[in-house]
Amino acid sequence: MRNIVLTGFMGTGKTAIGKSLANILSWQFVDTDKIIEEREKMSINEIFQDKGESYFRDIESRVVSEVSNMKNVVVATGGGVVLKKNNMELLSKNGIIICLTASPEVIERRTVRDEKRPLLKTENRMEKIKELLEKRKPYYFCADLVIDTSKKKQRRGCH
Ligand code: S3P
């Protein structure tokens with residue numbers, strides 16, 4: 001069985017959906033950002049601030065290489081993982097790539113109270129979201145499956 005790898009922009013639901021999926025399948029859930037934070041003993045914000053984005057991207061690639069060797073795991077990746085061809089080749093080798101998408105408005109709303117995302121710490125967040133989405137669109141759409149989560153709400157039971 002191949003791993004399930006969730007890609008997609010910040011705020012598209014990779015962590016929430018990944019955890020549910022892992023739970024349903026009784027598989028392990030791994031989050032590349034979490035692994036990076038644990039390993040560096042720093043938050044993603046601190047890594048970006050103190051060491052820079054390219055340092056972060058290098059560790060991210062190392063972590064991607066490790067998780068792509070795991071079996072029966074649901075992997076949530078950081079939104080920028082798709083930018084490196086090698087990351088995606090490694091993840092696809094042993095996994096099905098599912099890209100989650102959402103409209104800029106929904107992404108803006110879901111990330112509004114979030115201080116954890118260094119790339120969105122900017123005056124005009126909406127503009128930044130649109131700019132990054134546009135730049136990354138071709139990479140996100142290379143996935144095996146693309147699912148729009150714009151209309152998805154957190155499930156709170158049916159009754
Ligand atoms: C990033 C997304 C973040 C995190 C880092 C960079 C990106 O992960 O990896 O802040 O470049 O889009 P999430 O997509 O889980 O927020």
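Numbers for residues simply follow the sequence, beginning at 1. All ligand and atom numbering here is 1-based and tracks the order in the structure.
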What is the distance from atom CG of D144 to atom CD1 of I96, rounded to the nearest 0.5 Å? 5.0 Å

Residues E134, K137; criterion salt bridge (charged side-chain N to carboxylate O under 4.0 Å, His left out); working and verdict: CA-CA 5 Å; E134 198 50 39; K137 211 192 279 171; 3.4 Å; yes

Counting non-hydrogen protein atoms only, what is the nearest one to [atom]? Give residue, atom name and distance.
atom                    : value
atom 2 (C) of ligand 1  : G79 N, 3.3 Å
atom 3 (C) of ligand 1  : D33 OD2, 3.5 Å
atom 14 (O) of ligand 1 : K14 NZ, 2.4 Å

Using heavy-atom distances only, which candidate in E53, K121, R57, E37 approaches atom 11 (O) of ligand 1 most closely?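 Minimum heavy-atom distance to atom 11 (O) of ligand 1 goes to R57.
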
Please verify whether a non-hydrogen atom of R136 lies at under 4.0 Å from ligand 1. yes

With a 4.0 Å cut-off on heavy atoms, is K34 in contact with ligand 1? no

Salt bridge or not between E131 and K135? Use side-chain N to carboxylate O under 4.0 Å.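 Looking at K135 together with E131, the answer is yes, because their closest N to O distance falls below 4.0 Å.
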
E66/R39 ion pair, N-O < 4.0 Å: yes

Just so I know, are the side chains of R125 and T111 near enough to count as touching, which here means a heavy-atom distance under 4.5 Å?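 Yes - at least one pair of side-chain heavy atoms lies under 4.5 Å apart.
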
What about R117: any of its N or O atoms under 3.5 Å from an N or O on ligand 1? yes

Is there any N or O on I44 that sits under 3.5 Å from an N or O of ligand 1?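 N/O-N/O distance below 3.5 Å does not exist for this pair.
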
Relative to the heavy atoms of P118, which atoms of ligand 1 are at a distance of less than 4.0 Å? 10 (O)

What do the steps show when you test S61 against K84 for side chain to side chain contact (heavy atoms under 4.5 Å, CB included), and what is the final call? CA-CA 8 Å; S61 292; K84 284 195 186 168; 3.4 Å; yes

For ligand 1, which part of K116 has a heavy atom less than 4.0 Å away: the side chain, the backbone, both, or neither?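 Under 4.0 Å from ligand 1, K116 contributes no heavy atoms.
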
With a 4.0 Å heavy-atom cut-off (strictly under), which part of L119 contacts ligand 1: side chain, backbone, both or neither?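 Just the side chain.
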
So, N3 side chain and S68 main chain: donor-acceptor pair closer than 3.5 Å or not?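 Side chain of N3 to backbone of S68, a donor-acceptor pair under 3.5 Å: no, none is there.
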
Regarding N45 and S43, is there a side-chain donor-to-acceptor distance under 3.5 Å anywhere?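 No, because no side-chain N or O of N45 sits under 3.5 Å from a partner of the opposite role on S43.
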
